[in-house]
Amino acid sequence: SLETENHPRKPENLFKNELNLFADLVVQLDKERYEVLEFIARLKEPEIRRIITLRCIERLKWNDVAKKMGAGYEKDAVRMAFARFLNKEF
């Protein structure tokens, strides 16, 4: 029954378990985010670093990535640069 003090299925124990699981997931996501940022930082080409950061970290649309990149950059050009990078690296 749920009345016993140490019963593992008590609602407050279930909540604590879920909270601990959530905390573990947050820690794991932070580690993975750090790994992604480290990967991006190690890229030799500043242009592709910026494109990847804007698209994948800041989650901008291609049109907005092109605008942030500055004059001379078009939506399709930054998208293709990204695709070329992925095809080359992976």
Side-chain angles (χ1 to χ4, degrees):
S1 100
L2 290 177
E3 290 83 26
T4 59
E5 188 61 33
N6 294 319
H7 195 285
R9 296 191 58 81
K10 279 182 75 172
E12 52 271 11
N13 287 339
L14 290 174
F15 177 73
K16 286 178 186 175
N17 290 341
E18 289 175 355
L19 193 57
N20 287 336
L21 179 60
F22 180 74
D24 290 345
L25 290 172
V26 169
V27 169
Q28 182 63 32
L29 285 172
D30 281 346
K31 287 179 185 176
E32 291 178 11
R33 179 176 169 79
Y34 178 78
E35 290 174 10
V36 168
L37 293 173
E38 284 290 310
F39 172 81
I40 294 169
R42 286 192 305 269
L43 296 175
K44 293 177 182 169
E45 301 171 39
E47 179 181 78
I48 198 66
R49 272 198 317 263
R50 181 89 169 122
I51 291 170
I52 291 171
T53 299
L54 292 170
R55 179 66 179 177
C56 298
I57 303 301
E58 296 186 23
R59 310 220 13 155
L60 298 181
K61 295 180 180 179
W62 288 119
N63 194 45
D64 296 325
V65 171
K67 287 178 186 174
K68 289 258 189 173
M69 291 295 292
Y73 286 92
E74 298 288 328
K75 173 178 90 169
D76 290 336
V78 293
R79 185 180 52 77
M80 290 305 295
F82 183 81
R84 279 192 301 275
F85 168 79
L86 290 179
N87 287 332
K88 183 177 77 173
E89 291 295 317
F90 306 101

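Basis for what follows: all heavy atoms, side chains included, without hydrogens, waters or symmetry-related copies.
Separation of atoms OG1 (Thr53) and CG (Leu43) is listed at 8.5 Å; rounding is to 0.5 Å.
Hydrophobic cluster membership of Leu19, counting Ile, Leu, Val, Met, Phe, Trp and Tyr whose side-chain heavy atoms lie under 4.5 Å apart directly or via other members: Phe15.
Every pair tested for salt bridge (charged side-chain N to carboxylate O under 4.0 Å, His left out) that includes a residue from residues 63-72 fails, sequence neighbours excluded, so the list is empty. Within the structure, salt bridge (charged side-chain N to carboxylate O under 4.0 Å, His left out) contacts touching residues 69-87 (residues at least two apart or in different chains) are Asp76-Arg79. Listed by first and then second residue, the salt bridge (charged side-chain N to carboxylate O under 4.0 Å, His left out) pairs involving residues 43-57 are Glu45-Lys88 (not counting sequence neighbours). Residue pairs satisfying the ring-ring contact (aromatic ring centres under 6.0 Å, His included) criterion with at least one member in residues 65-90, sequence neighbours excluded, are listed as follows: Trp62-Phe82.
Under a hydrophobic clustering in which Ile, Leu, Val, Met, Phe, Trp and Tyr are joined whenever their side-chain heavy atoms come within less than 4.5 Å, directly or via other members, Met80 and Val65 fall into different clusters.
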Using residues 25-40 as the side-chain source, report each donor-acceptor pair under 3.5 Å to any protein atom, sequence neighbours left out, with the distance given to one decimal.
unit_1	atom_1	unit_2	atom_2	d
Gln28	NE2	Glu32	OE2	2.8
Tyr34	OH	Glu38	OE2	3.3

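Heavy-atom minimum distance, Ala81 versus Ile51: CB-CD1, 3.9 Å.
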